Amino acid sequence: MASTGRSVRALRVLSLVVLGSAAPVLGAGFSIFEQGTKAMGMAGAFTAQADDPSAMFHNVGGLAFFDEQKFSLGFTYITQSEADFEGTTPFPGPEARAEMETLSEAPPHFYWVKPINRRWNFGLGVNAPFGLGNEWSDQDNFAGRFISTKATLTELDINPNLGLRLSDRFGIGFGVIVRVSEIELNRRAPAIDPFSGLPVDVAQVVLESDFDTGFGWQVGFLHKLNNSFSWGFSYRSAMEIDYAGDGRLTQILTDNPQLDAIIGASLPFGQALPIETSIEFPDAASLGFALAVTRSLLVEVDVNWIGWSSFEVVVIDFTADDLPDQTLPQDWDDSQHYRLGLRWTTGPRSEWRFGYVYDESPQPDSGVGPLLPDADRNGLTVGYGRTGARLGWDLALMYLPFDERTTRVNRDGFNGTYNTTAWLLGFTLNW
């Protein structure tokens, strides 16, 4: 019976760690740069062009150069053809295999540009630059179920802006960002069966936050040096969101009625366990150069920087008196993305786009795990756009294979190799 008591005490500690681990869902693997289909066709190399309404995401300085009212409405559909795990020694061992449920997400984007006078333009953007999630299949047998079975982030930005044309070739823009977000984390909690000495699932743990709000800002400029060369710079501020939510434990019955009774009497099943935490979304900067090689061919090169080094620790405040606070180390690094885009104009109303992106992961090997298995990636894109007298459209496809990533120093002791391949399809209507 003493060993049973120790198991229950261990379960209480494990449940606290479970409830305190939702924050790392905000990895770079959950940032979504594809917020406009024209730019997506050029792998996001758009800072020095910014010549459609998605300029409000890529470089708000481009907002200054619009001469008429414009609308854009679209989405980016995201899925994967591969997302699996193979274990290694000492745990969970080379026999451990797992796959994620097929991802199917379609973050939207909407932009409206309205000239105020000859020099000033107003713009409103609505998009979702962070999001997605993962859910593991066959959760009853998944070796990492005590770390994570499902993690999601839902987020939406509302972004009013102003653009100012200082000259025919130089424009600046600035705006505020209102971000609304919620998070959810599911996982199992174990206890040691004192009779068999083996771990058993005894609880499903779910953390759900409310929709909470943060505020930030952005600024950018675009300089069209001549008819052949332009360059631009944009910056989006860091943003802090204070989350409040509840954790809930649901008991999973074992084949041991005595153990079930002890656990049922010892843990707060079916109760809302209030939790608060504060997360800082990273700041980001982009620098781009575009050169018209011929009248029909334009090349752009961009470098993006994301300030993930501010994501060092996450402090979870358990507001109930009987639960201790948690401090979770993250130790992210700043990351860079390198983008190359080509725009080939094939007629007065049509153009093809091609692109390549190298996206550097900020996640250290110690953090790679079931909650967020991130890795460097190399993406290839192709796109096509057509304009009409009143209505135009853009279409783009991205192939995004992640580098195979192996960790042998995971902080939870869950080591192995992850393979992921994602596909993105973008579509935007313009009028």
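For clarity, every value in this text was computed on a predicted model and none was experimentally measured.
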**Q** Please round to the nearest 0.5 Å and tell me the distance separating atom CG of L207 and atom CD1 of I275.
**A** 5.0 Å
**Q** Identify the heavy atoms of D374 and S361 that sit nearest to each other, and give their distance.
**A**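 Distance-wise, the nearest heavy atoms are OD2-OG, 2.9 Å.
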**Q** Got a donor-acceptor contact below 3.5 angstrom from the Q35 side chain to the H109 backbone?
**A**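 Pair absent, no side-chain N/O of Q35 close to backbone of H109.
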**Q** Just to verify, what does F221 make a ring-ring contact (aromatic ring centres under 6.0 Å, His included) with, not counting sequence neighbours?
**A** F170, W231
**Q** Taking the side chain as C-beta and beyond, is there a heavy-atom pair between T79 and T102 under 4.5 Å?
**A**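 In contact.
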**Q** Output the distance between atom CD (E82) and atom CG (D84), rounded to the nearest 0.5 Å.
**A**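 With rounding to 0.5 Å, CD (E82) is 5.0 Å from CG (D84).
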**Q** Locate the shortest heavy-atom distance separating P190 from V202; write the atom from each residue and the value.
**A**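 What the structure gives for the nearest pair is C-CG2, 3.9 Å.
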**Q** So, taking the atom named CZ in F130 and the one named CD1 in I183, what distance separates them when rounded to the nearest 0.5 Å?
**A**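 The CD1 atom of I183 is 14.0 Å from CZ of F130, to the nearest 0.5 Å.
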**Q** Could you grab the distance from atom CE of M42 to atom CZ of R339, nearest 0.5 Å is fine?
**A** 12.0 Å
**Q** Is there a side chain to side chain contact (heavy atoms under 4.5 Å, CB included) between F46 and S54 once you walk through the steps?
**A** CA-CA 9 Å; F46 203 57; S54 73; 3.7 Å; yes
**Q** For I158 and L124: C-alpha separation, side-chain torsions, deciding distance, then whether side chain to side chain contact (heavy atoms under 4.5 Å, CB included) applies.
**A** CA-CA 8 Å; I158 302 170; L124 177 66; 4.2 Å; yes
**Q** Give the intermediate values and the outcome of side chain to side chain contact (heavy atoms under 4.5 Å, CB included) for residues D201 and F146.
**A** CA-CA 9 Å; D201 295 27; F146 302 132; 3.2 Å; yes
**Q** To the nearest 0.5 Å, what is the distance between CG on D283 and CH2 on W308?
**A** 10.5 Å
**Q** Given 3.5 Å as the limit, does a donor-acceptor pair link the side chain of Q49 with the main chain of G288, or not?
**A** no
**Q** Donor-acceptor check, side chain of E155 to backbone of S181, threshold 3.5 angstrom: yes or no?
**A** no
**Q** Report yes or no: do W352 and T346 form a side-chain donor-acceptor pair below 3.5 Å?
**A** no
**Q** Any salt bridge between R405 and D376, counting N to O under 4.0 Å?
**A**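 So R405 does not pair with D376 through a salt bridge.
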**Q** Considering only heavy atoms from C-beta outward, does the side chain of D246 approach that of P274 to under 4.5 Å?
**A**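 A side-chain contact under 4.5 Å exists here.
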**Q** If you measure from OG1 on T428 to CZ on F75, what distance do you get to the nearest 0.5 Å?
**A** 8.5 Å
**Q** Closer than 3.5 angstrom, by distance alone: can the side chain of D302 be matched with the main-chain N or O of T47 as a donor-acceptor pair?
**A**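 Looks like yes, one N/O pair under 3.5 Å.
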**Q** Given 3.5 Å as the limit, does a donor-acceptor pair link the side chain of S266 with the main chain of I262, or not?
**A** yes
**Q** Donor-acceptor check, side chain of S237 to backbone of W217, threshold 3.5 angstrom: yes or no?
**A** yes
**Q** Taking all heavy atoms of N134 and all of P370, pick out the closest pair and write down the distance.
**A** OD1-O, 3.6 Å
**Q** Quick test of your reading: applying salt bridge (Lys or Arg N to Asp or Glu O under 4.0 Å), list the pairs with at least one residue in residues 90-114, sequence neighbours left out, ordered by first then second residue.
**A** E86-R97
**Q** Taking only residues two or more places apart in sequence, or in another chain, which ones meet F57 in a ring-ring contact (aromatic ring centres under 6.0 Å, His included)?
**A** F33
**Q** Is it the case that the side chain of T407 and the backbone of D365 share a donor-acceptor pair, with hydrogens and angles ignored and the cut-off at 3.5 Å?
**A**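 Side chain of T407 to backbone of D365: a pair is present.
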**Q** Sequence neighbours left out, what pairs pass side-chain hydrogen bond (donor to acceptor under 3.5 Å, both in side chains) with at least one residue falling in residues 204-215?
**A**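 Every side-chain hydrogen bond (donor to acceptor under 3.5 Å, both in side chains) pair that includes a residue of residues 204-215, provided the two are not neighbours, is R188-Q204.
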**Q** I'd like to check D157 versus R236 (side-chain heavy atoms, cut-off strictly below 4.5 Å). Are they in contact?
**A** yes
**Q** Show, in sequence, the C-alpha distance, side-chain angles and deciding distance for S309 and D334, and conclude whether the side-chain hydrogen bond (donor to acceptor under 3.5 Å, both in side chains) test is met.
**A** CA-CA 5 Å; S309 60; D334 293 344; 2.6 Å; yes
**Q** Under the ring-ring contact (aromatic ring centres under 6.0 Å, His included) test against W431, which residue among W112, Y111, F71 passes?
**A** F71
**Q** Testing the basics here: between F122 and N161, what is the closest heavy-atom pair and its distance to 0.1 Å?
**A**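 It is CD1-O, 3.3 Å.
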**Q** Could you pull out all residues at least two apart from K150 that satisfy salt bridge (charged side-chain N to carboxylate O under 4.0 Å, His left out)?
**A** none
**Q** Would you check if the side chain of N419 reaches a backbone N or O of T417 as a donor-acceptor pair within less than 3.5 Å?
**A**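 No, the answer is negative, given that no donor and acceptor are paired below the 3.5 Å cut-off.
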**Q** Can you name the nearest heavy-atom pair linking F233 to N59, along with the distance?
**A** O-OD1, 3.3 Å
**Q** Tell me if a side-chain donor or acceptor on D359 pairs with a main-chain N or O of R377 at a distance below 3.5 Å.
**A**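 No; judged by distance alone, with no hydrogens or angles, the pair does not exist.
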**Q** Walk me through whether Q218 and Y235 qualify under side chain to side chain contact (heavy atoms under 4.5 Å, CB included).
**A** CA-CA 6 Å; Q218 68 171 350; Y235 177 80; over 6 Å; no
**Q** After noting the C-alpha distance and the side-chain angles of T254 and D260, does the key distance pass the side-chain hydrogen bond (donor to acceptor under 3.5 Å, both in side chains) rule?
**A** CA-CA 6 Å; T254 69; D260 292 340; 2.8 Å; yes
**Q** Should the pair K70-D52 be classified as a salt bridge under the 4.0 Å nitrogen-to-oxygen rule?
**A**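 No, this pair does not count.
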**Q** To check you understand the geometry: which heavy-atom pair defines the closest contact between G44 and H58, and what is its length?
**A** O-CD2, 4.3 Å
**Q** Sub-3.5 Å donor-acceptor pair from the side chain of N121 to the main-chain atoms of F66, do we have one?
**A** yes
**Q** Table please: side-chain donor-acceptor pairs of residues 393-402 below 3.5 Å, with sequence neighbours left out.
**A**
residue	atom	partner	partner atom	Å
D394	OD1	R353	NH1	2.7
D394	OD1	R353	NH2	3.1
D394	OD2	N430	ND2	2.9

